[in-house]
Amino acid sequence: MTPIRVIIVDDQAMVRAGFAALLSAQADIDVVGEAPDGRQGVEVARSTHPDVVLMDVRMPEMDGLAAAREILDPPVGVVHRPKVLMLTTFDVDDYVYEALRAGASGFLLKDAPPADLIAAVRVVAAGEALLAPSVTRRLIADFAATRPAPRADRAALRLNGLTPRETEVLELIARGLSNQEIAERLVLAEQTVKTHIGRVLAKLDLRDRAQAVIFAYESGLVVPGDPSR
């Protein structure tokens, strides 16, 4: 099996060294580069073609949000586009929310247990979004609650393209349920849930599960703090 190629972008050398040592010890993960700021992170990502970029949120020169945008929306001619996993010391951070909107696959607290970091890299590399932790759901809900829903009318029109079942699945994704939990809630096979999620992403032209959560809040399908909806 081809190892997961990872680069680490963080302005603290000790953090980079610790993460690199931890991840390199895994048989299925290969750390192929490091960078001390977002600008160099973009350059390293372009030259090493990683599968996953571990990106600190706050850095000098270029912060993680700007770097994530450059990596996820590359200029013409740049084909490779890795997954980006944001790292933060704060459980509520405006930058992280914006990074999810830009296409990042999720975020992880820097003080998470080592096993969580390893699992996060594997989850993101597999194409899933890291949205299971309750802190992520709270972050998205908090920011969605304090912002007007942009493009609400257009979003509503896009929602009309979903079947009732697909709309139901999207709502449950936004509430933080895993595929298994959605399957149990709707009495469906887990593979059927995955099929529905794939169709939702395709119809709404969304990159991944993270953007689906953002869309559900911004479109008004899910109202933060209202579990009845």
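Side chains are part of it too, since the values below use all heavy atoms of this structure and drop only hydrogens, waters and symmetry mates. Just so it is clear, the structure is predicted and the values come from calculations on it, not from any experiment.
Residues R58 and D56 approach most closely at O-OD2, 3.1 Å, considering heavy atoms. Nearest heavy atom pair, residue A120 against residue L85, reads CB-CD2, 3.7 Å. Closest of all the heavy-atom pairs between G33 and V44 is CA-CG1, 4.1 Å. In terms of heavy-atom proximity, P82 sits nearest to V53 at CG-CG2, 3.8 Å. P36 approaches M59 most closely through the heavy-atom pair O-SD, 4.3 Å. The minimum heavy-atom distance between A104 and M86, with the atom names listed, is CB-CG, 4.0 Å.
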All N/O donor-acceptor pairs, side-chain side in residues 184-197, below 3.5 Å, sequence neighbours left out:
from : atom 1 : to   : atom 2 : distance (Å)
E184 : OE2    : Q180 : NE2    : 3.4
T195 : OG1    : Q191 : O      : 3.1

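Checked by atom type and distance alone, the side chain of S219 pairs as donor or acceptor with a backbone atom of A216 at under 3.5 Å. Between the Q40 side chain and the D37 main chain, no donor and acceptor come within less than 3.5 Å of each other. At least one donor-acceptor pair under 3.5 Å links the side chain of H80 to the backbone N or O of P50. Using modelled atom types, no side-chain atom of D30 and backbone atom of V32 make a donor-acceptor pair closer than 3.5 Å. With hydrogens and angles ignored, the 3.5 Å screen pairs no side-chain donor or acceptor of E171 with any backbone N or O of T167.
F19 places none of its side-chain heavy atoms less than 4.5 Å from the side chain of V31. Using a 4.5 Å heavy-atom cutoff, the side chains of L159 and L170 are in contact. Using a 4.5 Å cut-off on side-chain heavy atoms (C-beta onward), R158 and L206 make contact.
Rounded to the nearest 0.5 Å, atoms CG (L162) and CD (E166) are 5.5 Å apart. Taken from CD1 in I7 to CD1 in I71, the straight-line distance is 5.5 Å, to the nearest 0.5 Å. How far CD of Q26 is from CZ of R122: 5.0 Å, rounded to the nearest 0.5 Å. Atom CE of M55 and atom CG of L87 lie 9.5 Å apart (nearest 0.5 Å).
Checked for salt-bridge contact, E43 and R46 miss the test: no charged N lies under 4.0 Å from a carboxylate O.
Each of D28, V52, L54 was checked for a side-chain contact (heavy atoms from CB on, under 4.5 Å) with L23, and the lone residue meeting it is L54.
With sequence neighbours excluded, the residues forming a side chain to side chain contact (heavy atoms under 4.5 Å, CB included) with R81 are L72, P74, R207, listed by chain and number.
Judged as a salt bridge (Lys or Arg N to Asp or Glu O under 4.0 Å), the pairs with a partner in residues 1-24 (not counting sequence neighbours) are, in order, D10-K110, R16-E34.
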Would V213 and I173 count as a side chain to side chain contact (heavy atoms under 4.5 Å, CB included) here? Give the steps. CA-CA 7 Å; V213 173; I173 290 174; 3.9 Å; yes
